[in-house]
Structure formats: C-alpha cells, structure tokens
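The structure appears below as structure tokens.
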Amino acid sequence: MTTLGIYEKALPKNISWKERLLLAKKLGFDFVEMSIDETDERLDRLDWTREERKEIREAIYETNVKILSICLSGHRRFPFGSEDAKVRAIALELMEKALNLASDLGVRTIQLAGYDVYYEEKTLRSREYFIENLKQAVAMAASKEIVLSIEIMDDPFMNSISKFLKIKEQIRSPYLQVYPDLGNLSAWPGNDVGYELEIGIDQISAIHLKDTLAVTDQFAGKFKEVPFGNGCVDFLGCLKTLKRLEYHGPFLIEMWSENSDTPEKEIEEAKAFLWPYLKEAGYIDN
C-alpha cells in the first residue's frame with residue numbers, strides 16, 4: 001500500500017498543527033504537506049523558534065501523522081532567476097532556512113515551484129540564474145540529506161518532465177528530483193503523459209493528484225480548484241502507468257479548501273472520486 005497525503009491548504013486554516021494532523025488522520029491520510037508560500041504569514045514559519053519547532057515535533061509524535069514534505073512556493077516572490085541580485089540572495093536565504101526547518105521537523109522532501117521567474121520577464125539570463133542558484137540549493141540540500149523536488153507547473157518554463165530532465169543534466173545529483181502534478185502535466189497539449197511518466201520514473205519523488213482544464217489556442221487553461229472529474233486528467237490511465245513502472249512513492253491530494261465552510265466534505269468528495277482509481281490501479285486495498 002502506498003503512502004497518501006493531503007495538502008495543508010485543503011485543511012482548515014485557523015487551527016493548530018496538532019488539530020490539523022489529527023484531522024488528516026481522521027480523514028485517512030498518512031501525512032500532511034506543509035505550505036510555505038509567498039505570503040508574509042507563511043514565510044514567517046522559516047523563523048520559527050526552537051520551542052515552536054518542538055511543539056510541532058511533539059504533535060507529529062503524538063498523532064503519528066508526519067509532515068513529510070514542504071511546498072516552498074515562496075520562491076514565486078523571491079525567484080532563483082530574478083534579474084535583481086538582492087532578490088536572488090533572498091531566494092537562497094529562504095532555501096537555507098527551509099532546509100533547516102525541514103531537518104528539524106523530519107521533512108524528507110522540499111517541493112520547489114518550477115519557475116525561473118514568475119512576476120518578471122523570462123529571459124535567457126533568468127534561466128541561467130535559475131540553474132546557477134538551483135545548483136547551490138541542491139548542494140545545500142545534500143548536506144542536510146533532504147531532497148529538492150521540482151514540481152511540473154502551470155508555466156511553460158517547467159511544464160513537462162522532459163524539461164525537468166534538461167535541467168537535471170546540468171545538476172546531476174540524487175538530491176534533485178521531480179514532483180509531477182498529474183493535473184499540470186495533463187493540461188499542456190504538447191505532453192504525451194504516459195511517455196513523460198516513463199522517461200521520468202527514476203527521478204520521481206512524489207505525485208500530486210489534482211484535476212485541471214486543458215490549455216488550448218483559445219483558453220489559458222485552469223490549474224487550480226477544478227473539481228475532480230470535471231477536468232482533463234485520465235487518473236486511471238496515469239495510475240496504471242505508474243503502477244506498471246513500479247512507482248511506490250507517495251501520492252498527495254492538492255486542494256485549496258482551507259477557507260471553505262465545508263473542507264471535510266470537499267476532501268471526502270475528492271476521496272470518493274480518487275479512491276476507486278487508486279484501488280483499481282493496485283495502490284490501495286480499500
């Protein structure tokens with residue numbers, strides 16, 4: 001049986017970490033993926049005190065629900081590929097702090113968004129700065145024995161595993177892996193999803209499960225908050241492909257129901273949709 005996780009932003013926002021982990025356990029999940037996004041509120045987590053970190057470690061121990069990964073999307077605001085040297089310095093500082101936090105909490109994987117830049121113009125320089133600083137980040141991660149895993153994104157810079165592999169050729173380290181989002185991977189019409197999973201299988205550290213609306217000549221696609229079953233993802237096809245390729249890593253349901261009035265109901269609805277596919281593909285027993 002595989003390990004199944006839930007994204008922090010699927011769970012109610014204004015509760016303690018112990019409450020969040022207990023709720024994840026109640027809903028049948030093995031772990032939670034923490035979010036450190038570009039907001040000041042979540043970036044402040046990188047400066048948690050020893051006592052604050054101890055409190056979360058104790059919650060993990062008491063609930064037996066781990067925080068196995070961190071989604072470090074704060075680099076959208078402070079990207080590795082920025083034209084501004086000060087911003088690039090902040091990006092590396094955030095990376096160092098995130099690695100220290102992950103080490104303290106027992107996190108195995110830090111997911112990085114596959115953007116060279118997000119709010120700036122993309123250039124050849126932004127790609128070079130991204131690779132240069134990612135290389136430094138991977139060296140930092142290796143020293144902590146923590147894997148950096150780049151998510152396949154809603155952005156042309158890193159919208160396929162093929163593009164990740166081109167970056168990986170420049171940074172040949174076991175501490176740099178890929179974190180495919182089946183929704184993002186499926187939404188781009190140029191991707192042969194089965195082939196992408198096949199060529200990347202030995203680099204995949206985890207899988208995001210979400211639905212998306214596909215990109216077309218007339219539509220930019222929709223990459224968030226598409227109800228499961230209403231989008232373009234062939235979940236059974238993806239899962240059966242991964243099973244044939246002997247993928248045994250974790251799956252993470254990505255949702256944004258933290259401010260919803262009925263987050264538990266929405267998560268249960270997602271499970272009701274996904275669980276039969278996970279069962280048919282041989283990933284769960286019930």
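- Leu22 and Ile253 sit in two unconnected hydrophobic clusters of ILVMFWY residues. Membership requires side-chain heavy atoms under 4.5 Å apart, directly or through other members.
- Under a 4.0 Å N-O distance rule, the pair Asp40/Arg45 does not qualify as a salt bridge.
- From Tyr115, atom OH reaches atom OG of Ser73 across 8.5 Å, with rounding to the nearest 0.5 Å.
- Although no hydrogens or angles enter the test, the distance criterion places a donor-acceptor pair under 3.5 Å between the side chain of Gln177 and the main chain of Pro174.
- Atom CG in Asp154 sits 10.0 Å away from atom OG1 in Thr212 (nearest 0.5 Å).
- The shortest heavy-atom contact between Pro79 and Glu120 is CG-OE2, 4.3 Å.
- Nearest heavy atoms, Leu185 versus Leu197: CD2-CD2, 4.0 Å.
- Counting heavy atoms from C-beta on, the side chains of Met34 and Cys71 never come closer than 4.5 Å.
- Closest approach of Leu213 to Ala187, counting heavy atoms only: O-CB, 4.0 Å.
- Within a 6.0 Å sphere centred on NZ of Lys18, heavy atoms belonging to other residues, nucleotides or ligands number 12 at most.
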| request: Could you give me the CA-CA distance, side-chain angles and deciding distance for Met153 and Asp181, then say whether side-chain contact (heavy atoms from CB on, under 4.5 Å) is met? | output: CA-CA 7 Å; Met153 299 305 299; Asp181 181 307; over 6 Å; no

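- Both Ile201 and Tyr175 are assigned to one and the same hydrophobic cluster, defined by single-linkage of ILVMFWY side chains at heavy-atom distances under 4.5 Å.
- Between the side chain of Lys25 and the backbone N or O of Thr63 there is at least one donor-acceptor pair closer than 3.5 Å.
- Here the side chains of Phe157 and Val117 are not in contact, with every heavy-atom distance at 4.5 Å or above.
- Using a 4.0 Å cut-off between charged nitrogen and carboxylate oxygen, Lys279 and Asp285 do not count as a salt-bridge pair.
- Using a 4.0 Å cut-off between a side-chain N of Lys or Arg and a carboxylate O of Asp or Glu, Asp104 and Arg57 do not qualify as a salt bridge.
- Shortest non-hydrogen contact noted between Ile150 and Gly114 is CG2-CA, 3.6 Å.
- By the criterion of side-chain heavy atoms lying less than 4.5 angstrom apart, applied directly or through intervening Ile, Leu, Val, Met, Phe, Trp or Tyr residues, Phe130 is grouped together with Ile152 in one hydrophobic cluster.
- Expressed to the nearest 0.5 Å, how far CZ of Arg76 lies from OG1 of Thr39 amounts to 11.0 Å.
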| task | Could you walk me through whether Ser260 and Glu266 pass the side-chain contact (heavy atoms from CB on, under 4.5 Å) test, one step at a time? | result | CA-CA 9 Å; Ser260 167; Glu266 293 176 33; 2.5 Å; yes

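- Contact of the Glu33 side chain with the Leu252 side chain is registered, since non-hydrogen atoms from C-beta on lie closer than 4.5 Å.
- Side-chain atoms of Lys168 come within 3.5 Å of backbone atoms of Ser173 as a donor-acceptor pair (strictly under, hydrogens ignored).
- Within the 3.5 Å criterion, the main-chain N or O of Ala91 finds a donor-acceptor partner in the side chain of His75.
- Ser149 contributes a side-chain N or O that, together with a main-chain N or O of Val178, makes up a donor-acceptor pair within less than 3.5 Å.
- Heavy-atom neighbours of Asp261 CG from other residues, nucleotides or ligands within 6.0 Å: at or below the threshold of 12.
- Considering CG of Asn133 and CE of Met140, their distance stands at 10.0 Å, rounded to 0.5 Å.
- Heavy-atom minimum distance, Pro250 versus Ser205: CD-O, 3.4 Å.
- Annotation: side chain of Leu134 is in contact with side chain of Leu176 (closest heavy-atom distance under 4.5 Å).
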| said: side-chain contact (heavy atoms from CB on, under 4.5 Å), that's the test. Do Met95 and Leu148 meet it? Break it down for me. | reply: CA-CA 10 Å; Met95 189 75 260; Leu148 301 185; 3.7 Å; yes

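- Between the side chain of Glu96 and the backbone N or O of Leu92, no donor-acceptor pair lies under 3.5 Å.
- What you find for Ile146 and Ala102 is that their closest heavy atoms are CD1-CB, 3.6 Å.
- Counting heavy atoms from C-beta outward, Glu254 and Leu209 have side chains that stay 4.5 Å or more apart.
- The aromatic rings of His208 and Tyr7 sit tilted, their planes meeting at an angle between 30° and 60°.
- The pair Asp37-Lys9 meets the salt-bridge criterion, with a side-chain N (NZ, NE, NH1 or NH2) lying under 4.0 Å from an Asp/Glu carboxylate O.
- With Phe235 as the aromatic partner, Lys240 does not meet the cation-pi criteria of under 6.0 angstrom to the ring centre and within 45 degrees of the ring axis.
- In this structure, CZ on Phe223 lies 9.0 Å from CG on Asp155, to the nearest 0.5 angstrom.
- Side-chain atoms of Leu182 and Asp234, non-hydrogen and from C-beta on, never get closer than 4.5 Å to each other.
- At least one donor-acceptor pair closer than 3.5 Å links the side chain of Asp211 to the backbone N or O of Cys232.
- Between the side chain of Ser126 and the main chain of Lys122, no donor-acceptor pair closer than 3.5 Å is present.
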| request: Please test Leu11 against Met255 for side-chain contact (heavy atoms from CB on, under 4.5 Å), starting from the C-alpha separation and ending with a verdict. | output: CA-CA 9 Å; Leu11 301 166; Met255 298 173 60; over 6 Å; no

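- For Trp275 and Tyr283, the gap between ring centers reaches or exceeds 6.0 Å.
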| message | Would Glu41 and Lys13 count as a salt bridge (charged side-chain N to carboxylate O under 4.0 Å, His left out) here? Give the steps. | response | CA-CA 12 Å; Glu41 176 187 5; Lys13 186 174 183 179; 3.3 Å; yes

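- For Asp30 and Lys66, the salt-bridge test fails: no basic side-chain N is under 4.0 Å from an acidic carboxylate O.
- Proximity of the aromatic rings of Tyr247 and Phe251 is defined here by a centroid distance below 6.0 angstrom, and this criterion is met.
- With Phe80 as the aromatic partner, Arg88 does not meet the cation-pi criteria of under 6.0 angstrom to the ring centre and within 45 degrees of the ring axis.
- In this structure, Glu52 contributes its side chain and Thr49 its backbone to a donor-acceptor pair below 3.5 Å.
- Crowding of Glu55 atom CD: a count of heavy atoms from other residues, nucleotides or ligands under 6.0 Å not exceeding 12.
- Inter-residue side-chain proximity for Val215 and Pro189 is flagged as met; some heavy-atom pair is nearer than 4.5 Å.
- Expressed to the nearest 0.5 Å, how far CG of Asp202 lies from CG of Leu245 amounts to 10.0 Å.
- Using a distance-only test at 3.5 Å, with no hydrogens or angles considered, a donor-acceptor pair links the side chain of Ser160 to the main chain of Lys163.
- Using a cutoff of 4.0 Å between basic side-chain nitrogens and carboxylate oxygens, Arg244 and Glu198 are scored as salt-bridged.
- A salt bridge links Glu8 and Arg42; the closest N-O separation between the charged side-chain nitrogens and carboxylate oxygens is under 4.0 Å.
- In this structure, Lys210 is not positioned above the aromatic face of Phe228 in the sense of NZ or CZ being under 6.0 Å from the six-membered ring centre and within 45° of the axis.
- The number of heavy-atom neighbours closer than 6.0 Å to NZ of Lys135, taken from other residues, nucleotides and ligands shown, is 12 or below.
- A salt bridge is absent between Glu268 and Lys26: the closest approach of a Lys/Arg side-chain nitrogen to an acidic carboxylate oxygen does not fall below 4.0 angstrom.
- Leu236 is connected to Ile284 through a chain of hydrophobic side-chain contacts under 4.5 Å among Ile, Leu, Val, Met, Phe, Trp and Tyr, so both are in one cluster.
- Tyr179 and Ile167 fall into different hydrophobic clusters, where Ile, Leu, Val, Met, Phe, Trp and Tyr are joined by side-chain heavy atoms under 4.5 Å apart, directly or via other members.
- Within the 4.5 Å cutoff, no side-chain heavy atoms of Leu68 are placed close to those of Thr109.
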